[in-house]
Amino acid sequence: MKRQTRSTTLAVIDLGSNAVRLQIADAQRDGSFAVRAEDRAAVRLGAQVFRTGRLSEDSIAACAGAMQRFANLAQRAGARRVRAVATSAVREASNRLELLRAVRAASGISIEVVSGAEEARLVCLGVLQGAPPAERALLLDIGGGSTEIISARGEEPEIASSLPLGSVRLTEFFVKSDPIAPREARLLEEAVQDGLGEIDPLLVGRHRRLIGAAGTTGAVAALARRISGAPPGGSGPISQAQVRRVLERLRDSTAKERRKLGVDESRVDIMYAGTAILDGVMRRLRVEEMEITARGLRDGLMADLVRREIRAPASGLHGEHVVLEGLRAFGRRCAYREPHAEQVAQLSLSLFDQTRRVHRLGAEERALLHAAAMLHDVGSFVSYNRHHKHTYYLLYHADLPGFTDRERELIATVARYHRRSVPKDRHEQLQLLTPEERNVVRRLAAILRVADGLDRGHRRHVRRVEVARGRGGGLRIDVWAEAGSELEVWSAQQKADLLSQVSGGPIRFRLHVTR
């Protein structure tokens with residue numbers, strides 16, 4: 001008799017600028033998942049926010065109500081975890097905390113506000129999950145507040161642009177008439193061209209076809225087929241010429257006429273702006289045609305959650321090229337010393353792997369240590385004095401693709417303790433954490449302090465370390481390094497106080513000179 005595999009139910013929610021979307025799926029132990037239910041609420045969080053900088057009270061109330069309903073659906077489905085992310089409308093709102101508190105009070109769900117770079121990563125994962133590593137693709141996701149253009153290899157973005165061009169944003173700024181007035185249409189299309197000037201020149205002419213991620217692109221494609229008289233329900237690609245014809249048809253149509261054309265009620269007023277963005281992107285990138293996928297950010301969010309909760313990929317949850325390059329990109333913006341950062345990261349991971357019986361932490365915590373080690377010195381960009389505290393501030397507010405808000409907070413806290421004081425419960429940073437998180441910070445910071453000491457002179461003299469249990473507890477760390485590395489071993493010994501506490505005994509170092 002074949003043994004049945006037990007699935008785990010998970011739920012994700014995408015709080016976009018034009019709608020809030022729920023997905024519930026059953027995930028298997030092998031990392032695969034099957035979508036069980038989807039729902040959508042026409043909550044336009046982007047209403048007013050792009051003009052006023054604030055979410056409206058009506059939008060906040062409607063969103064809280066929708067999230068309460070989604071939470072009930074997820075609970076009835078038996079979802080073990082619900083993860084919700086918000087994009088550009090909430091990202092830009094000065095009163096976003098009001099929304100986060102209202103949703104938390106109504107549904108018990110905490111919202112993560114993701115960056116444009118993380119949004120692009122999730123879209124890429126959603127559309128291309130499982131794609132062969134050598135396969136190239138060009139993705140387009142037109143949202144209510146922003147547009148993501150992504151050149152990908154496999155399921156990872158290589159070049160990603162998040163542009164402040166969205167169907168809700170442009171409609172609120174430029175469209176006052178019905179049908180749209182010629183002057184309004186001209187200004188809107190000029191704004192599109194201006195915004196597309198930020199696209200990486202390497203993307204121009206590189207792809208013949210792009211993949212449009214559901215939403216706006218799907219609505220334009222459906223309308224293009226209806227206008228051309230194609231059979232309903234078609235799924236083939238549409239050309240740039242077809243998109244242009246849709247734009248011209250919409251330019252002269254009223255809201256009533258757009259409804260008759262089959263435009264969904266939630267898109268009637270924003271359809272022209274969305275089509276103008278699509279037309280502009282295809283012409284700017286010299287793309288001949290577009291195919292449509294029903295998958296998008298919500299699917300990427302689910303795939304990412306499955307990898308966090310059920311089964312991480314072989315390279316590790318945060319081992320993807322885009323995540324590591326995101327860390328390096330942030331470090332370079334802060335003018336960090338890259339060779340030193342890579343050396344400390346390598347030593348930290350080696351110490352982590354050899355002391356698993358001591359710290360009893362897993363792959364997720366290893367990824368946090370990796371990030372903290374690579375970026376532990378970025379605070380020197382502000383000032384070397386107290387740079388560990390400047391590092392905390394910079395990382396707490398950093399854009400680190402692949403990490404959740406809470407993970408980024410833990411990374412910042414671990415990096416803050418790479419020097420000077422060891423973590424103490426009275427410290428403000430630790431008071432923001434749970435007891436379990438404080439324990440993780442202490443164990444990871446203990447390793448990072450020693451690794452940083454082992455490259456005290458930023459000379460990368462240490463070749464490898466070997467860790468063994470010492471007599472009577474504690475650890476013995478053998479250090480293989482170039483001649484003249486006494487400073488590094490001395491510094492590591494001085495910074496081993498926290499590791500001594502964690503391991504329950506003294507830390508002894510022994511230097512071996514390599515030839």
For side-chain hydrogen bond (donor to acceptor under 3.5 Å, both in side chains), just list the numbers for T9 and D26, CA-CA rounded to whole Å, side-chain angles, deciding distance to a tenth of an Å, and then say yes or no. CA-CA 4 Å; T9 303; D26 293 327; 2.8 Å; yes
Test item: [X] side-chain N/O and [Y] main-chain N/O as donor-acceptor pair under 3.5 Å:
X    : Y    : answer
R295 : V127 : yes
R44  : S266 : yes
E155 : G130 : yes
S161 : L163 : no
Q129 : G126 : yes
R298 : D14  : no
H207 : V287 : no
R104 : G108 : yes
R91  : V113 : no
S32  : Q28  : no

Between N72 and R76, is a side-chain hydrogen bond (donor to acceptor under 3.5 Å, both in side chains) present by the stated rule, with each step listed? CA-CA 6 Å; N72 290 336; R76 286 201 294 269; 5.7 Å; no
For a side-chain hydrogen bond (donor to acceptor under 3.5 Å, both in side chains) check, start with the C-alpha distance between E148 and S146, then their side-chain angles and the critical distance, and finish with the verdict. CA-CA 7 Å; E148 274 62 51; S146 65; 3.3 Å; yes
Quick check: closest heavy atoms across [X] and [Y], and the distance to 0.1 Å?
X    : Y    : answer
R267 : G215 : NH2-CA, 3.2 Å
A137 : I211 : CB-CD1, 4.2 Å
I111 : V85  : CG2-C, 4.3 Å
L394 : C334 : CD1-SG, 4.4 Å
T391 : V378 : OG1-N, 3.6 Å
G145 : S88  : CA-OG, 3.2 Å

Worked verdict on R209 versus E288 for salt bridge (Lys or Arg N to Asp or Glu O under 4.0 Å): CA-CA 6 Å; R209 174 184 289 191; E288 297 175 17; over 6 Å; no
Do [X] and [Y] make a side-chain contact, defined as non-hydrogen atoms from C-beta onward lying under 4.5 Å apart?
X    : Y    : value
R356 : R360 : no
M271 : L223 : yes
N95  : I60  : yes
V20  : M67  : yes

Give the intermediate values and the outcome of salt bridge (Lys or Arg N to Asp or Glu O under 4.0 Å) for residues D304 and R307. CA-CA 5 Å; D304 191 68; R307 293 179 181 189; over 6 Å; no
If you measure from the Lys or Arg side-chain nitrogens to the Asp or Glu carboxylate oxygens, is any gap between [X] and [Y] under 4.0 Å?
X    : Y    : value
R332 : E338 : yes
R408 : E112 : no
R406 : E409 : yes

Kindly determine whether R245 and E248 satisfy salt bridge (Lys or Arg N to Asp or Glu O under 4.0 Å), including the steps that lead there. CA-CA 5 Å; R245 282 196 291 274; E248 291 167 354; over 6 Å; no
The residue among N439, V441, L433 that forms side chain to side chain contact (heavy atoms under 4.5 Å, CB included) with E437 is L433
Atom pairs and distances, side-chain donor-acceptor, residues 189-200, under 3.5 Å, sequence neighbours left out:
from	atom 1	to	atom 2	distance (Å)
E189	OE2	R251	NH2	2.8
E189	OE2	Y272	OH	2.6
D200	OD1	L202	N	2.8

Does a sphere of radius 6.0 Å around CZ in R183 hold more than 12 heavy atoms from other residues, nucleotides or ligands, not counting ones at 6.0 Å or beyond? no
Could you give me the CA-CA distance, side-chain angles and deciding distance for D252 and R249, then say whether salt bridge (Lys or Arg N to Asp or Glu O under 4.0 Å) is met? CA-CA 6 Å; D252 298 322; R249 182 73 173 268; over 6 Å; no
Checking side-chain hydrogen bond (donor to acceptor under 3.5 Å, both in side chains) for the pair E309/T8: CA distance, chi angles, key distance, verdict? CA-CA 9 Å; E309 295 289 314; T8 300; over 6 Å; no
